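Excluded from the calculations below are hydrogen atoms, water molecules and symmetry mates; all remaining heavy atoms, backbone and side chain alike, are included. Remember, predicted model here, so these are calculated numbers, not experimental data. Naming convention: chains lettered A, B, ... in sequence-line order (proteins, then strands); numbering from 1 in each chain.
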Protein chains: 2
Amino acid sequence: MQESKINLLIIDDHQLIIDGIKGLLQDENDIDLIMEANNLTQAIEVINKNFINVALVDISMPENSGIEVTRKLKEISPETKILALTMHEDIQNITDMIEAGASGYIFKRTSMDEVLEAIRTIARNEKYLSRNVQAVLVENMRHKSEVIQNSAKEKVNLSEREREILGLIAKEFSNEEIANRLFISERTVEAHRRNIFTKTKTKTIVGLMKFAMKNNLIDFNNEF
Amino acid sequence: MQESKINLLIIDDHQLIIDGIKGLLQDENDIDLIMEANNLTQAIEVINKNFINVALVDISMPENSGIEVTRKLKEISPETKILALTMHEDIQNITDMIEAGASGYIFKRTSMDEVLEAIRTIARNEKYLSRNVQAVLVENMRHKSEVIQNSAKEKVNLSEREREILGLIAKEFSNEEIANRLFISERTVEAHRRNIFTKTKTKTIVGLMKFAMKNNLIDFNNEF
DNA sequence: TAAAACCTAAGTGCCAGCACCTATTTTATT
DNA sequence: AATAAAATAGGTGCTGGCACTTAGGTTTTA
């Protein structure tokens with residue numbers, strides 16, 4: 001399945017790291033060309049002159065963050081696959097990089113073998129997340145549910161009608177509109193609204209929306 | 001790093017699949033015991049009698065969904081690592097299973113080699129997401145950003161101050177409180193508020209909150 | 001069968017948010 | 001130097017949301 005040779009570009013502001021990686025990779029016979037760049041400008045220059053399959057981006061770079069670099073490179077050369085190499089092990093960084101267009105993400109504390117495997121994987125147009133990264137993602141998913149469970153520990157039981165009205169509130173209908181829609185009095189809507197606030201222990205619509213979000217009572221994204 | 005032998009439990013309502021997997025794994029010398037169960041009740045029975053390192057759960061089971069099974073097994077035997085084997089390739093299923101406590105997730109269309117690798121990986125207390133699953137996760141992260149970019153294509157440029165005030169609104173402060181906090185007049189806060197509404201093309205606080213959510217201008221989860 | 005929860009609804013009054021207007025000072029941007 | 005954008009702030013008036021109260025009919029549950 002190994003297609004052709006890989007043209008690699010290493011982008012890092014630390015020349016030492018570039019040299020290190022280069023040394024470790026240059027014996028691999030499926031990696032043809034290894035270019036290097038210390039910043040975005042140099043990287044763009046390289047990419048404009050050579051066809052690069054894989055760019056290894058260290059996102060701890062000072063001036064342009066790795067996210068910026070990734071976005072920019074993807075813009076000018078969408079075929080180039082980007083592998084993020086970083087010491088930032090938080091989810092935000094991972095998701096940001098992937099949103100920016102990275103095909104793979106590995107932590108600096110992983111072995112060089114994995115770097116090589118990652119390069120080959122994303123060169124084949126697959127995705128690569130190192131074990132560590134997978135662990136972070138999994139932990140995050142689990143954590144999210146824990147947060148929800150904790151915050152909703154005192155199980156809020158909104159009635160059918162209350163949920164319905166909460167949904168309409170979230171859809172930006174006024175009490176009057178809700179009343180008309182449901183063929184009930186505005187007074188009744190107000191009563192429901194009050195009960196919803198009481199049950200959810202919230203005081204403002206903003207608070208209520210946050211509550212609804214956290215408890216997945218409404219979803220902001222898919223609607224409308 | 002291979003610790004000891006692995007005790008495996010295969011849970012699937014299709015006996016054929018159990019037999020198939022069993023046949024393919026019984027030659028592996030690091031897999032000691034292979035038990036089987038066709039449903040949750042049987043699985044619980046097995047787990048109560050034997051120590052199981054890894055449970056391979058097919059979540060397409062009719063009666064109790066794999067999610068239920070996973071939750072239940074994790075409850076009665078937290079040390080047992082769970083590997084989800086499924087034909088459902090959507091994110092919801094993946095996240096649900098992981099939230100329920102699965103340590104790994106693989107699609108049915110992956111090779112048996114990967115199943116074996118996955119079993120060994122999670123037996124070592126690591127996480128395992130197959131390449132396919134990684135692809136789905138990555139695609140999902142990217143897709144999210146696309147949605148955001150589309151809906152916010154007309155790049156909303158809130159000023160520094162406006163962002164600050166938006167943040168305070170999201171923290172449920174009233175105009176008066178915001179005014180006091182920032183040492184400005186309530187009139188000014190109102191003016192900013194109006195400008196924010198205009199710029200974001202929203203009309204109600206609910207709409208504004210949805211906008212802010214989508215554009216990551218505020219984050220509902222981490223705050224407070 | 002009684003109690004609890006739910007859905008319904010009217011009255012009354014308060015005020016925060018908002019509309020619409022105007023205007024000065026400061027800070028980019030060209 | 002000039003134009004634009006942002007931040008500041010006062011006035012005035014309307015109203016939707018909310019508090020607080022009361023109450024009757026229905027459904028669920030203990």
Please state whether the phosphate of D/dT8, meaning OP1 or OP2, lies under 4.0 angstrom from any side-chain nitrogen or oxygen of B/Arg161.
yes

NZ (B/Lys74) with more than 12 external heavy atoms under 6.0 Å
yes

Quick check: do A/Asn39 and A/Asp13 have side-chain heavy atoms less than 4.5 Å from each other?
no

Separation of C/dC7 atom C1' from A/Ile165 atom CD1, nearest Å, is 9 Å

Among D/dC18, C/dA9, D/dG17, the one nearest A/Ser185 by side-chain distance
C/dA9

Using atom types as modelled and distance alone, determine if a side-chain donor or acceptor of A/Gln134 lies under 3.5 Å from a backbone N or O of B/Leu129.
yes

Return yes if a side-chain donor-acceptor contact under 3.5 Å exists between B/Asp19 and B/Gln15, otherwise no.
yes

State whether B/Asn175 places a side-chain N or O below 4.0 Å from either non-bridging phosphate oxygen (OP1 or OP2) of C/dG17.
yes

Record whether the side chain of B/Arg187 comes under 3.5 Å of the base of C/dT24 through a donor-acceptor pair of N or O atoms.
no

Distance check: side-chain N/O of B/His192 vs OP1/OP2 of D/dT8, anything under 4.0 Å?
yes

Could you check how far CZ of B/Phe197 sits from C1' of C/dC18, rounded to whole Å?
9 Å

Separation of D/dT8 P from B/Glu160 CD (nearest whole Å):
12 Å

In whole angstroms, the gap separating P of D/dA7 from CD of B/Glu162 amounts to 5 Å

What is the distance, to the nearest angstrom, from the CD atom on B/Glu186 to the C1' atom on D/dT12?
14 Å

Which listed nucleotide (D/dT21, D/dT8, C/dC7) is nearest to the side chain of A/Arg194?
D/dT21

Taking atom C1' of D/dT8 as reference, at what distance in whole Å does atom CD of B/Glu164 sit?
14 Å

Which nucleotide in the set D/dA6, D/dA9, C/dA9 lies at the smallest distance from any side-chain heavy atom of A/Thr188?
C/dA9

Quick one: is C/dC6 close enough that its OP1 or OP2 comes under 4.0 Å of any side-chain N or O from A/Lys199?
yes

Here the distance between atom P of D/dC20 and atom CZ of A/Arg193, to the nearest Å, is 16 Å

Tell me the interatomic distance from B/Asn195, atom CG, to C/dC18, atom C1', rounded to whole angstroms.
13 Å

The side chain of A/Ser159 is closest to which nucleotide in this list: C/dC7, D/dC18, D/dG10?
C/dC7

Heavy-atom donor-acceptor pair, B/Thr202 side chain to B/Thr204 backbone, under 3.5 Å
no

